[in-house]
2 protein chains.
Amino acid sequence: MNFTAGFIAVDWGTTNRRAYRLGADGRHGAEFEDDQGVLSIAAGEFPAAVAIIRERLGDLPMILAGMVGSNRGWVEAPYVPCPAGFGELASALRWAEPGRAAIVPGLSLLSEDRADVMRGEEVQLLGAVAAGSIPKDGLACHPGTHNKWVVLREGRIASFRTVMTGELFNDLKRGGILADWLGREVEVGDAFRAGVRQGLRGGAMGADLFSVRARILLGRARAEDASSFTSGLLIGADVHAGLADGDGPVTVIGRPELTRLYAAAIAEAGRTACEVDGEAAFLAGIVEIARRIS
Amino acid sequence: MNFTAGFIAVDWGTTNRRAYRLGADGRHGAEFEDDQGVLSIAAGEFPAAVAIIRERLGDLPMILAGMVGSNRGWVEAPYVPCPAGFGELASALRWAEPGRAAIVPGLSLLSEDRADVMRGEEVQLLGAVAAGSIPKDGLACHPGTHNKWVVLREGRIASFRTVMTGELFNDLKRGGILADWLGREVEVGDAFRAGVRQGLRGGAMGADLFSVRARILLGRARAEDASSFTSGLLIGADVHAGLADGDGPVTVIGRPELTRLYAAAIAEAGRTACEVDGEAAFLAGIVEIARRIS
């Protein structure tokens, strides 16, 4: 693949996609984001969806990451088992168009008692390591619909754990006894922190969630705090599980509106959290992959 | 209230209602069930909905229990705090029609660190005690959308804990990454029991649920087992929390299609479970309340 005239990087998820034109030196040019996530595109329609990206950003080679490489995506790029770093990702790229469009594979974890998968976050995590914005060894988390806790060793992803906190929160907003109370924006304040502290105890999620309703009915909590409290509860339980995977400071990488919630919850648990912007890390990761295959 | 000519007992929940004509001796006469739960009936429409019951079963006095006494029901019957037995319920009945229609209140639990509410299950639980079908002291559970773990002492409800397991399972069926796999009927078999064992470990629910998907994607589990496994996982976590509330055998009371799942999960945890039919217990409870106010 020849990147001297620049190339296009695409972070193509389930519900959204972001595309960037990058110069030969890795600098950031034009870009756009839209709601044409993988689930919006019918089987067989990916070539047309890719053509739209090139119409907007130029007729250039591409590197794509995320759910675009899943069995619902353009071309399936089989999971690469952990531990894995850029070497494993680069040598397992799947070419959707020979020499013109490469899909980065996701990672898998399989052991006697655990099974897990990731697609897209690995580029951000390893990109942040390459950019020097997170340590080569330690614990990181990547909040989202499916939050990932990642153990880094010598700059590679040694193991990881997914907690579907964002999805559970969305489920509760969509219907059921708490839905009417969960429309408000989540704020990091007393209600959020109280929820985090309860979640950190690691109690039964189904009991903790019902108590949100009971506390309001019995006058022990305000309905307007329910959204922040419930978010805190779910994130606290997530952090309780994730912090067990490693000591020391935790890097929280991703979209700032989510990393600030996790950073606050990790601080409430008495650990140090550092926030890193996921977009910059994604671009650093894609540039590193481009460098390895040029 | 005069029951010599018989009366009508109504178990009126969120999504369904069951009504029974009972004779002066407590024996069971005509009955019906329909989908006119509390959420289907607009404010102000309860008198008409009650008239339909009397058209079908006779122009008789009534005793009603369940969500019909909530703030979304016919007339609100404020919660009675635990510990409580038939004495407390009978003396806190709320008369929707003076001398003609009594609503049984729900129960509340409020302490420094817990808040909980129940409406409807208390009649079944105390009714089962009155009928001699469960011990006066011990642990019971009442599965449903919101499962209740109940500590009985001297024939009264000393405390209880709600775990919204049924609601979480319904949420997961309604949308998200597991929905496509959760349509099959849940069966008590190897997949269910494996889910129960994982749930009994008390791990992070959001991580355990995501692993259902990962195991299928990585060929470690069969898609057709996902429904039973996931049900087992949620019920196992519920049982893990609930069994901590008391020693000895556990009575599981309610609808047989749910009690058999909980009984199997409790057995998997190494405890003895006895199943009791909720409908018979409800009728025994209502008859005892009628006796006390006649």
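We name chains A, B, ... by the order of the sequence lines, and we start the count at 1 in each one.
Interface remark: of the candidates D116(A), T145(A), T14(A), L168(A), D116(A) forms the most heavy-atom pairs closer than 4.5 Å to chain B. Across G242(B), A244(B), G175(B), the residue that shares the most heavy-atom pairs under 4.5 angstrom with chain A is G175(B). Heavy-atom pairs under 4.5 Å with chain A were tallied for R174(B), R114(B), R161(B), H240(B); the largest tally goes to R174(B). If you tally non-hydrogen atom pairs under 4.5 Å between each of N170(B), L110(B), L109(B) and chain A, the highest count goes to L110(B). Between chain A and the residues D171(B), N147(B), V212(B), the largest count of heavy-atom pairs under 4.5 Å involves D171(B). When each of A204(A), A207(A), G203(A), S70(A) is checked for heavy-atom pairs under 4.5 Å with chain B, A207(A) comes out on top. With chain B as the partner, the residue from I177(A), L172(A), D208(A), D238(A) showing the most heavy-atom pairs under 4.5 Å is I177(A). Of the listed residues (G202(A), A237(A), G206(A), A241(A)), the greatest number of heavy-atom pairs within a distance under 4.5 Å of chain B belongs to G206(A).
With a threshold of 4.5 angstrom between heavy atoms, T165(A) does not approach chain B through any atom at all. Proximity to chain B is limited to the side chain of N71(A), based on heavy atoms less than 4.5 angstrom apart. For a residue to count as touching a neighbouring chain, one of its non-hydrogen atoms must lie under 4.5 Å from one of that chain's; by this rule T162(B) touches chain A with backbone and side chain alike. For chain A, no part of K173(B) is nearby; none of its heavy atoms comes within less than 4.5 Å.
Shown here for F210(A) and K148(B), the closest heavy-atom pair between the two residues is CZ-NZ, 3.9 Å.
Expressed to the nearest 0.5 Å, how far CG of L209(A) lies from CE of M205(B) amounts to 10.0 Å. Of the inter-residue distances, the one linking R213(B) atom CZ with E167(A) atom CD reads 9.0 Å to the nearest 0.5 angstrom. Atoms CG and OG, from D113(B) and S211(A) in turn, are 10.0 Å apart once rounded to the nearest 0.5 Å.
Among the residues in residues 217-230 of chain A, those with a non-hydrogen atom closer than 4.5 angstrom to a non-hydrogen atom of chain B are L217(A), L218(A), R220(A).
Within a 6.0 Å sphere centred on CZ of R72(A), other residues, nucleotides and ligands contribute more than 12 heavy atoms.
Considering only residues two or more places apart in sequence or on other chains, W149(A) meets the ring pair (Phe, Tyr, Trp, His ring centres under 6.0 Å) condition with none of them.
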